[in-house]
Structure formats: C-alpha cells, structure tokens
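Heads up: the structure comes next, in structure tokens.
The analysis underlying the following values was restricted to heavy atoms, covering all of them including side chains, and did not include hydrogens, waters or symmetry mates. A note on names: the letters A, B, ... follow the listed sequences, proteins ahead of strands, and every chain is numbered from 1.
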Amino acid sequence: MTDITLSPENSLRHGESLFRVRQLQDNVEARPAPSRIAEPARLNPLPSKAYFFWLMAPAIILLACISIYPFFWMIYMSLHEVDIGSATWNNFENFTKLFTDTRYLKGWALLFQYSLMCLALQIGIGVFLAVVLNGARFEKVLVTALLMPMMMAPIVAGLVWYFLYNGTFGWYHWLFQSLGLLDAKSILASPNTAMLGIVLVDVWQWTPLITLITLAGLKRVPQDQLEANMVDGASPLRNFFSVTLPNLYPVLLIAVMLRFMDNFRFIDSALVLTGGGPGNATKILPIYLFEVSFKFFKLGRGAAIALTLLVVTIILGMILVKVFDRQQTRKI
Amino acid sequence: MARVTFRNVWKKYGDFAAVKDLNIDCPDGTFLSILGPSGCGKSSTMRMVAGLEHISAGDILFDDKRINDLAPKDRDVAMVFENYALYPHKSVFENMANPLKLRGQDTGRIKDRVTQAAQLLEIGHLLERRPQELSGGQKQRVAIGRAIVREPKLFLFDEPIAHLDAKLRAHMRGEIKHMQRTLGTTMVYVTHDQLEAMSMADQIAVMHEGELQQLGSPREVYNKPVNAWVAGFVGEPAMNFLTCELSREADRLSLSHPNFSLALKPDQAGCLNGTTGTVRMGVRPDALAISMTRPAEPVITGEVFVTELLGGDMIVEVQLADARIRVKTAPEFAGSPGEACYLSVNRDKWHAFDTGTGRAYF
Ligand SMILES: Nc1ncnc2c1ncn2[C@@H]1O[C@H](COP(=O)(O)OP(=O)(O)OP(=O)(O)O)[C@@H](O)[C@H]1O
Ligand SMILES: [Mg+2]
C-alpha cells in the first residue's frame, strides 16, 4: 500500500512521503453520512441572573449612595463658579480655560512622565526580584524583609526620604555625591533631577508589591509547559519569555492597573518631598489639582480638572484591559 | 537517530527509589516500550532521558556519549507528555510549530511540516484553536504532532494515546508504529497497556516497582515470562495460576491438584530438578481447550461458572476445587453455568513458578 522504499540515504525524505501516503489511506476509512437533523426551533432560556442581582442590590445601593452622590456633586461644581456658600453657572468656563492653562497641560505631560518612569522601573525590578527570589533558599524571610517599605505610610516614606535626600546631612545625598552622580545641590533641588527623586521613592515603596504579585504568579506557571518548551529546544532565557512571561500577563495587568491608578491619585510623598517644585519641575497634574482646589480655593476649576483626570484614568484602564486581552487571545 | 543505553540508572526522590539499577540497551532504530503498572517508574525513566529529572546514579548514553549533564535542549529528543503540556496562550498551529521555530526553521517549511503532521493526526481543522478549546483526545494528538514535526534523535512518548477512544487508539497504534518504522528513529514508548506494548514494540522492558523485570521481544515476554509477575501482567485475559503439589511416581514427575494430575515432559521435569513441595502452575486461557464431553486423554474436571461472549471469542470461567480459571474458546461453546466441563492443557504452553519468589522454572 505504501510507495516508500526504506533505505538509509533518503531517510530525510521519508518524513514528507510518509505524510502523503497516510493521508491517502485515511480517505478509505468509512465516515458517517452528514447529519440531517434540523436545528431546534427554540433554545431554552439561559438561567436568570435577576435573583443574584437582588441578592447584591442592598450593597450596590449603599455603595451608590456613598460614591455616586459626591460624583454628581463634583460634576455640578465643575460647571459652576464655586464660592463658599454660592455657585453660579459659568458656561463651561472651567473646562474651556483648561485648554489655555499651560500649567494644566504641563501637569499632564509630567504626570505621564512620572507614571511611565515609575511603572517601567517597578515592573522591571519587581519581576526580576521575583524571578530571583522564586524558589530561593530563604525565600520566605527575604520576601518578608522586602515587604517592609510597603508597610510604611506614604507620607512617612516621603519624610524619611526627604531627610535622606537632604543636601546638608542626607545620607543618600552623601552617597550620590561621593559616587559623583550629583553636585552639591540635593537631588530634589535641581529641576533636572527632582522628578527622578520622587520616582525613586515611589519605586522603593511599591516595587515590593510588584514582586509579591509576580511571585504569586510565578508559583502558578505550569511546570510541564516549561519542561515541554525545554525539550522543544528553548534556552532558559527563551523559556522565560515564551512561557513564563505570557503566563504572568494576567497578574502583571493587575499590577500595572493598580500602580498607574495610584500614580494618578496618590501624591502624599511627592507633596512632602517637592510640593511640585523646584519651579514647576515636578508639578504633576494631581499636585496642580491639589493646589488649585485647596490652595487657591478655585473649587469649580479643581472639580473640572479632577473630572478630566478621572475620565483619562478610566479610558487608560480600559485600553490596558483590551491590550492584555488581545495578548491573551492573539491569533496567528 | 541514536542508540540509547541505560547503565545502572537509579532515580531517588529523597529516600524513595522510583527506578532501581536500570540496565537497558536500545539499539538504533528500535521501538522500545516500557511497560508497567501505574507508579512503577516509567515516567521517571523517561524524564531522565529527556533531561528533566536529575539522574541519581548511573549513566544514560546516546551513541556511547554520556548525556547525564546535557541540557534538555541539547539532547535533541522529542517528547510527548503524559498530561499533554500544551501552551495555552498559543494556537494549535503555534504549539506544533514551536520546536521548529526554536530551531530557527523558515516559515514556509514550518507551515508545510505542521500542516502535514496535522493532516496525519486528523486535526487539520483545529489549527486555529487554542488548547482549552480542544477535547482530551484532540489535545493528545496535538502533543503528538508537536513531537513529530521534527526529526529528532529520539522520540519519547509517555502514554501518548491513553486518552483516545478505542477505535482511534487502534488507528493511532498503527500510525505511530508505521511512522517510527518509516522514519527509522529510535523510540521509547511508555505505556501501562500491555496490548499497546505487544502490538507496537520491537523490545519490551517490563517494570515493576522501579525494577526491570524482563527485557525482550513481545514474543519472548509473552511466551517465556521470567517470573509470575510478568506472566500475570502480560496477556489479556490474564494467565491462570494454580497451586500444585509436585509428586514423584517412579521417575516421573507430575503436578497434582485436587482436580487433576498432569505428568511433566522430560525437559520440563529437568527444569524442576531438586524442587519439592508446591509450585505455582501458570497457564494462559488460550492454552486450554474446553469441552462438555470427556475426552480420552488426562483432563481437568470442573464446572462452568460463567460465560462471557466477546464477539469473536468466548471466555468461560471454570470453577475448580480451590480456584477459578478462565478459558478462551470459540463462541459456539454451549455449556451453561453449573454444568460439568472438561479442560485439556496444551503441554508445551504452560509454566511453573516458584511459590515463594515467583521465579519461572519453565
Ligand atoms: N517528584 C517526585 N517526588 C517524589 N516522588 C515522586 C516524584 N515523582 C514521582 N514520584 C514517585 O515515583 C514513583 C514513580 O513515578 P512515575 O511517575 O515514574 O510513575 P509511572 O510509572 O509513570 O506511573 P503512571 O503510569 O501512573 O504515570 C511513584 O511512586 C511516584 O509516587
Ligand atoms: Mg507516568
């Protein structure tokens, strides 16, 4: 039945001919006739979700009252000129003025710069640490030690680093200076390095979170896939990028989401460290928002800025979910 | 293509020895089947060859080259894993293309090889899907596909068709055997199904509790099992065992049992020289003939216990004084339960084992 001649010299071509021959034989095998059963006229309804909705309703309603009320209050304020005890409609002026407000626009640019630097460093260092720690001898002890920065209140962290960075007695300042990385001025005092200064604090405090999340993800990377890939011919590094990392995408998505939203909201340590200065070098949008609302007391404009910040956060969040979703279900 | 040699190989997990002093020589191009029940150390053996498990003691050689310390990717083997081990984030096509891609083959060739393999395995229509959208049997075929797209030194198949339905399994048995013959690649094939091992392998290594019991061709393992355990494990329905007394009348040795007494042939008696007391007699269901009328020659008398019709064959279970034995016969057999029946034994086709150690006398 086969037309293959077995001789060693053409063994390489056996593979090809082998497949062709077997394919012919397969066609001989009897197959059942194609089905002639009609589709059902009506499909059974899917189980109703209403019951579960009502179970959750009290919690949802409570939550709505707590968070939806201030939300609409914010929208209301953003459309008015707000003063203590009075609010007058001002034809979207709060919003239209934003387009010409250079500090607002600069605030966005700085915010993106800040957030991207934080994320890149945190994810990079965090994942690296997780890979090194995973299965290490004193893993539990090391992880616990690593988690300490996270336990600290951000404002305390900011203060601690403020002293460490201090130009006269700061230990880190002395270290940076001894290494020749800095001149006499503190890292926070120069417009060129101040951003790096606040990024470092955020990285120091939140990299452990990424490490922790990634470690949990690493424990769940299926060993058998790693093994299969090794036998398939992958080097350890290749194995990491083609099996480990794709398996980490879901947890990394959560990490990125958490961190970028935090960057867009939390300004405790930055406020303590630089308060937006020197000049406006670190005046990321949330700091500017804080100033507008609570220093200049322009509550209407502040609400407008907050609203744009919220909308962008939501859009970015949705884009992130989409991107990672595509990674997960990418077709060839 | 390679010759694979196991030299005093041990696998220990802590204090537990999963593989004990394994010695196998598998010549180039051989289909070697490792056969044994669950937990006997088959997968451990396989994983040591693939480089996924440290070799606790001894050496494994490919063509006289010691490979103990070689990384898996440098061993040039293709493996089908017991639990498929497919990449869930890759499509079926990408799964199967992976070994080729990692070896830097060009896209055109990858596409050819993968589609050919997919056709052979009848999964051509599934190439776009992801593993989680496949049935167990389909996953298993994708795993096989991933192994055969390449031409490695050695195939390692760990129970590759255990999850297929009976018909597809029979079909795949033929396909895999044909593929191995055609490519001439050495194959180590792990299975717990003795029928698979018997029907496909050139050499069978029967393992039990980490120890190699017997290494030989399917015929040898079936016809000349080295001990009672191998005899009982290989063959379906399983071999019947009866405890008999050795009795000596004049210089003729015979086996006696409450239901019968059988004289041994001179060469068989020779094998039993010096033994006294009881031995375990083993006889396969197809070495027995059953009839409802008493034949002239010496026979075993029993009583029909139950009959099972298996299409082309019939298995009759016969009640003796202290045991039940199974006999394979033609489906025309007309005895019904409770009736007396007579069995005759093919005297060349039975075995005697030591009652204590299980070692085969003949
Ligand atoms: N990583 C491990 N640690 C400890 N013991 C193990 C480990 N892997 C396997 N074992 C033990 O080694 C023995 C052999 O396991 P192995 O997986 O080789 O069996 P197997 O013959 O492949 O069985 P099956 O047919 O069920 O797959 C088993 O008793 C098992 O419990
Ligand atoms: Mg196994």
Between CE of A:Met230 and CG of B:Leu52, what distance do you get to the nearest 0.5 Å? 5.5 Å

Heavy-atom cut-off 4.5 Å, strictly under: side chain, backbone, both or neither for B:Arg75 against chain A? neither

Tell me whether B:Arg169 at atom CZ has more than 12 heavy atoms from other residues, nucleotides or ligands lying less than 6.0 Å away. yes

Validation row: A:Gln225, B:Pro88 side chains within 4.5 angstrom (heavy atoms): yes

Any chance you could measure A:Ser242, atom OG, to B:His89, atom NE2, to the nearest 0.5 Å? 6.5 Å

Looking only at heavy atoms, what is the nearest atom pair of A:Ala228 and B:Arg146, with distance? CB-NH2, 3.6 Å

Report yes if the side chains of A:Val231 and B:Leu156 come closer than 4.5 Å at any heavy-atom pair, otherwise no. no

Are side-chain heavy atoms of A:Glu227 and B:Arg47 found at a separation under 4.5 Å? yes

Around atom NZ of A:Lys49, are there more than 12 heavy atoms from other residues, nucleotides or ligands closer than 6.0 Å? no

Quick one about B:Tyr87 and A:Asp232 (side-chain donor to acceptor, distance below 3.5 Å, no hydrogens or angles considered), yes or no? yes

Tell me, side chain or backbone of B:Leu86 under 4.5 Å from chain A's heavy atoms, or both, or neither? backbone

Does A:Met148 have more than 12 heavy atoms from other residues, nucleotides or ligands lying within 6.0 Å of its CE? no

Less than 4.5 Å to any heavy atom of chain B: does that hold for the side chain of A:Asn239, its backbone, both, or neither? neither

If you count the non-hydrogen atoms of other residues, nucleotides and ligands that lie under 6.0 Å from CZ in A:Phe128, is the total more than 12? no

